[in-house]
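Contents: one structure, followed by commentary.
Throughout, a chain's letter reflects where its sequence line sits, starting with A, and its residues are numbered from 1. Side-chain atoms are counted along with the backbone in the values below, which use heavy atoms only and exclude waters and symmetry mates.
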Amino acid sequence: MLNSFVESELQAALINAGITFADPIPFEKPRQSGHGHLSTTVCMSLAKAQKVNPRTLAESVVAALKLDSRFVSDVQIAGPGFINFTFTPLAFQSLLADMVSAGSALGKSTIGVGKKVNVEYVSANPTGPLHAGHGRNCAIGDSVANLYASCGYEVTREYYFNNAGNQMNLLAESISVRYKQIENPELPFPENGYKGDYIIQIAQELNSQKALVGKSQEEALQIGRQAGEDWCFTSIKKTLQSLRISHDVFFNEDTLYSTGVVSKTVEQLRNAGLAYEKDGATWFALTKLGGQQDKVIIKSTGEPTYRLPDIAYHRNKLERGFDVVVDVFGSDHIATIPDVLSGVQALGLDTSKVRVIIHQMVTFFENGEIVKFSKRSGNTYTLDDLIEEVGVDVVRFFFIMRTAGTHLEFDLNLAKEEGDKNPVFYLQYAHARISSVVAKAFDKGLSVTETADLSVLEHEKELLLIDLLSRVKHTVERACESLEPHTLAEYLREVAAAYHVFYHDCRILDSGEELEKARLLLAEITRRVLNNGLAILGVSAPQKM
RNA sequence: GCGCCCGUAGCUCAGAUGGAUAGAGCAACAGCCUUCUAAGCUGUGGGCCGCAGGUUCGAGUCCUGCCGGGCGUACCA
């Protein structure tokens with residue numbers, strides 16, 4: 001980035017002025033072109049502590065500033081105390097040269113090297129196919145995992161497979177009734193049972209295999225339950241596969257019981273005086289930990305509530321030695337997080353390693369109308385349906401392009417539009433355009449030459465593009481650290497826009513022997529940035545469109 | 001009631017750690033292809049950044065209180 005030409009010099013100048021400034025120096029890109037290429041507000045933010053006028057401080061800093069005039073052509077103090085820098089084309093060319101020599105490491109960071117991160121996402125209950133709304137969790141989680149990988153972390157992608165608990169009983173019950181209804185259609189279906197057609201399908205399969213013949217009710221439920229779990233697991237995995245998502249670990253909830261982690265956890269909470277019996281249930285004394293109210297962790301029926309296995313599961317993840325443990329949850333799970341973290345902390349584990357992404361819900365719109373989906377009504381709009389309708393690239397991009405904290409309006413009409421209105425195509429088109437030029441250059445015997453003379457790149461649009469491209473690593477790091485993949489999507493849109501402008505104003509092929517090579521290389525670097533970025537978002541980068 | 005999230009252009013949304021005249025896409029209007037992909041580019045119009053205080057040299061951004069919407073607030077997950 002352009003910062004690199006002035007950052008250490010500014011530090012030195014500040015020290016020279018008797019000021020030690022531990023934080024990184026704040027830089028920003030001025031909105032107005034008259035304010036140079038880069039700006040710093042460091043004098044304004046330091047002025048108060050130093051009890052000096054910010055402009056005066058800026059003047060003494062600038063006076064002490066020893067900059068390389070090959071790279072920096074102008075330094076101005078402006079407004080209340082901004083220092084604005086203008087750079088020479090050589091500075092930009094040098095940034096581009098760095099990106100060329102970075103090779104396959106372009107846009108990759110090393111901030112996570114040697115660290116292990118676990119990203120848990122999707123984690124939908126195996127009680128049915130993934131529905132369209134699940135797509136947001138899938139896309140966010142997978143992109144975050146990709147971001148961590150791009151930053152050098154060793155990433156474990158994990159799916160918490162909730163195959164124990166009440167909802168599985170309900171699944172078994174639903175299948176069992178559908179099975180019996182084959183003989184006796186009048187039999188009432190459980191009011192809160194899973195009403196989707198897939199339940200009928202599973203029941204019919206069991207029937208055709210005669211799997212329940214001669215079985216007791218209890219055995220039948222068990223078989224139905226397993227059949228349901230298997231069906232859902234297969235269905236979910238298939239959907240994830242078409243979304244280009246592959247988990248390293250499917251963590252089965254029931255192993256928390258079979259390995260005794262759950263009972264051990266209850267025991268520890270009891271010993272710590274944080275669990276007690278009341279009304280036949282076991283309660284978690286959250287009020288002792290600053291919570292609003294105590295919560296049940298084992299029901300009077302003897303079954304645990306979701307909190308207990310969740311605590312045990314987080315304990316398990318932390319004990320596996322991850323430096324960072326990321327959870328991706330929908331906002332409907334928001335209440336559980338503080339409870340679980342309190343529990344984990346009470347067990348003596350370091351919860352500062354846990355980072356939670358909470359995304360808001362998704363509303364699907366079509367023809368200006370809200371489309372309502374109810375998993376249990378049978379009128380299920382599945383993620384498969386959505387993928388089939390709009391394509392994987394659109395699904396992944398639409399779910400990632402907004403900040404997780406806001407409600408997402410998924411415009412199905414826009415998503416289905418295969419043209420300029422659709423924001424995904426804007427990015428892909430830029431990539432395809434570059435690929436096309438590179439291919440065309442190849443046809444005329446010209447290939448991308450990494451040793452091209454970059455000194456011919458002086459056009460304003462070329463410099464703007466280079467400036468933007470040089471921010472790729474920083475953007476990836478920031479998106480990763482803030483767990484906000486949408487900032488990468490936004491960045492890529494800017495890159496595509498800057499390329500389109502460059503492409504429009506600066507002819508590449510036949511622009512002159514040296515210029516042609518240099519511009520072709522610039523285009524290729526842009527292509528790599530787009531390609532890598534799209535890969536992080538799980539979107540394909542087509543050669544042709 | 002309480003907790004968390006969100007209120008920015010007609011619509012959908014961006015707005016780095018507080019910075020200079022608040023941005024993009026869509027929609028509307030007007031231009032640009034005998035030349036590398038017009039799925040592109042350029043221009044015009046469009047705003048009490050929910051409201052009211054506060055902190056600050058400076059607030060869309062931080063604090064408080066309202067108003068409006070969402071999600072929670074289970075011996076469901």
Taking donor-acceptor contacts at under 3.5 Å, does the side chain of A:S436 reach the base of B:C36? no

Starting at atom CD of A:E494, determine the distance to atom P of B:C13, rounded to an integer number of angstrom. 19 Å

Measure from the ring centre of A:H35 to the centre of the six-membered ring in the base of B:A20, then say whether that distance is under 5.5 Å and the planes meet at under 30°. yes

Across all chains, not counting sequence neighbours, the side chain to side chain contact (heavy atoms under 4.5 Å, CB included) partners of A:M361 are A:S331, A:D332

Interatomic distance, A:Y503 OH vs B:U37 P [rounded to whole Å]: 5 Å

Counting only N and O atoms by type, is there a donor-acceptor contact under 3.5 Å from the side chain of A:T282 to the main-chain atoms of A:E277? no

Please table the atom pairs, donor to acceptor, closer than 3.5 Å between any side-chain atom in residues 74-85 of chain A and protein atoms at least two apart or in another chain.
unit_1, atom_1, unit_2, atom_2, d
A:D74, OD1, A:Q76, NE2, 3.4
A:D74, OD2, A:Q76, NE2, 3.3
A:N84, OD1, A:S39, OG, 2.9

Distance, nearest 0.5 Å, that separates SG of A:C480 from CG of A:L488: 11.0 Å

Which value, in whole Å, describes the distance between the C1' atoms of nucleotides B:U12 and B:C51? 24 Å

Are side-chain N/O atoms of A:N413 and A:E366 paired as donor and acceptor at under 3.5 Å? no

Kindly state whether the pair A:Y426 / B:G25 counts as stacked, where counting means centroids closer than 5.5 Å and planes tilted less than 30° apart. no

Within the sub-3.5 Å range, which N or O atoms of nucleotides 59-63 of chain B have a protein N or O partner, and how far apart are they?
none

Would you tabulate the pairs of protein nitrogen or oxygen atoms and nucleotide nitrogen or oxygen atoms of nucleotides 1-4 of chain B closer than 3.5 angstrom?
none

How about A:Y276 and A:F284: are their ring centres within less than 6.0 Å of each other? no

Name the stems that RNA chain B belongs to, where each is three or more consecutive Watson-Crick or G-U pairs with both distances under 3.5 Å? B:1-7 with B:67-73, B:10-13 with B:23-26, B:28-32 with B:40-44, B:50-54 with B:62-66

Less than 3.5 Å apart, any donor N or O on the side chain of A:E120 or A:S123 sitting next to an acceptor on the other? yes

Write out all pairs satisfying salt bridge (Lys or Arg N to Asp or Glu O under 4.0 Å) with one or both partners inside residues 394-404 of chain A, taking only residues at least two apart or from two chains. A:D142-A:R396

Could you check whether any side-chain N or O of A:Y198 sits under 3.5 Å from a backbone N or O of A:T127, counting only pairs where one atom can act as donor and the other as acceptor? yes

Does B:A16 have its OP1 or OP2 closer than 4.0 Å to a side-chain nitrogen or oxygen of A:H486? no

Describe, in one word, how the ring planes of A:F87 and A:F5 are oriented to each other, choosing from parallel (under 30°), tilted (30 to 60°) and perpendicular (over 60°). tilted

Decide, for B:A16, between syn and anti: a glycosidic angle within 90° of 0 counts as syn, anything else as anti. syn

Contact list for RNA chain B against residues 391-402 of chain A - heavy-atom distance below 4.0 Å: A:R402

Could you give the CZ-to-P distance, from A:F425 to B:A38, as a whole number of Å? 17 Å

When you compare B:A22 with B:G47, how far apart are their C1' atoms, in angstrom units rounded to a whole number? 9 Å

Partner residues of A:E409 under the side chain to side chain contact (heavy atoms under 4.5 Å, CB included) criterion, sequence neighbours left out: A:F365

Whole angstrom value for the distance that separates C1' of B:U73 from CD1 of A:I337: 14 Å

Considering only atom C1', compute the distance from B:C13 to B:U73 and round it to an integer number of Å. 30 Å

Atom CD of A:E28 and atom C1' of B:G19: how far apart are they, to the nearest Å? 6 Å

Identify the two heavy atoms, one from A:M545 and one from A:A432, that lie closest to each other, and give their separation to 0.1 Å. CG-CB, 3.8 Å

Which nucleotide in the list B:U17, B:G40, B:G19 gets nearest to the side chain of A:H504? B:G40

Taking the P atom in each of B:A59 and B:G50, what is the distance between them to the nearest angstrom? 15 Å

Parallel, tilted or perpendicular: which fits the ring planes of A:F364 and A:F399, with parallel below 30° and perpendicular above 60°? perpendicular

Interface with RNA chain B, restricted to residues 303-316 of chain A and to heavy atoms under 4.0 Å: A:P304, A:T305, A:Y306

Residues 308-315 of chain A side chain polar contacts: donor-acceptor under 3.5 Å, at least two apart:
unit_1, atom_1, unit_2, atom_2, d
A:Y313, OH, A:E158, OE2, 2.8
A:H314, ND1, A:D310, O, 2.9
A:H314, NE2, A:D327, OD1, 3.3
A:H314, NE2, A:D327, OD2, 2.5
A:R315, NE, A:E319, OE2, 3.2
A:R315, NH1, A:T265, OG1, 3.2
A:R315, NH1, A:Q268, OE1, 2.9
A:R315, NH2, A:Q268, OE1, 2.5

Using atom C1' in both nucleotides, what's the gap between B:C33 and B:A20 to the nearest angstrom? 39 Å

Using heavy-atom distances to pick each residue's nearest nucleotide on RNA chain B, tell me which of A:K299 and A:T41 is more 5'. A:T41

With rounding to the closest Å, how many angstrom separate the C1' atoms on B:A39 and B:C26? 15 Å

Would a line drawn from the ring center of A:Y426 to the ring center of A:Y429 be shorter than 6.0 Å? no

Which part of the nucleic acid, if any, lies within reach of A:D279 when heavy atoms closer than 4.0 Å are counted: base, sugar-phosphate only, or nothing? base

May I ask you to say what A:E409 touches in the nucleic acid, namely base, sugar-phosphate or nothing, with a heavy-atom cut-off under 4.0 Å? sugar-phosphate

When the distance from CE of A:M361 to P of B:G70 is rounded to whole Å, what number comes out? 14 Å

Tell me what A:N162 touches on the nucleic acid: a base, only sugar-phosphate, or nothing, going by heavy atoms under 4.0 Å. sugar-phosphate

May I ask you to decide if the ring planes of A:F233 and A:F250 are parallel, tilted or perpendicular, using 30° and 60° as cut-offs? perpendicular

B:U37 phosphate, OP1 or OP2: any side-chain N/O from A:K440 under 4.0 angstrom? yes

Short side-chain N/O contact from A:T363 to OP1 or OP2 of B:U12, under 4.0 Å: no

Output every pair passing salt bridge (Lys or Arg N to Asp or Glu O under 4.0 Å) with a member in residues 479-492 of chain A, not counting sequence neighbours, ordered by first then second residue. A:E490-A:R493

NA contact type, A:R519, heavy-atom cut-off 4.0 Å: base, sugar-phosphate, or nothing? nothing

Please classify B:C33 as syn or anti, treating any glycosidic angle within 90° of 0 as syn. syn

With rounding to the closest Å, how many angstrom separate the P atoms on B:U44 and B:G23? 13 Å

Between A:D294 and A:K278, does any side-chain N to carboxylate O distance fall below 4.0 Å? no

Between B:G68 and B:A28, how far is it from one C1' atom to the other, in whole Å? 29 Å

Could you give all pairs that pass the salt bridge (Lys or Arg N to Asp or Glu O under 4.0 Å) test and reach residues 432-441 of chain A, with sequence neighbours left out? none

Residue whose closest nucleotide on RNA chain B lies nearer the 5' end, A:C506 versus A:S45: A:S45

Interatomic distance where CZ belongs to A:F442 and C1' belongs to B:C36 [whole Å]: 17 Å

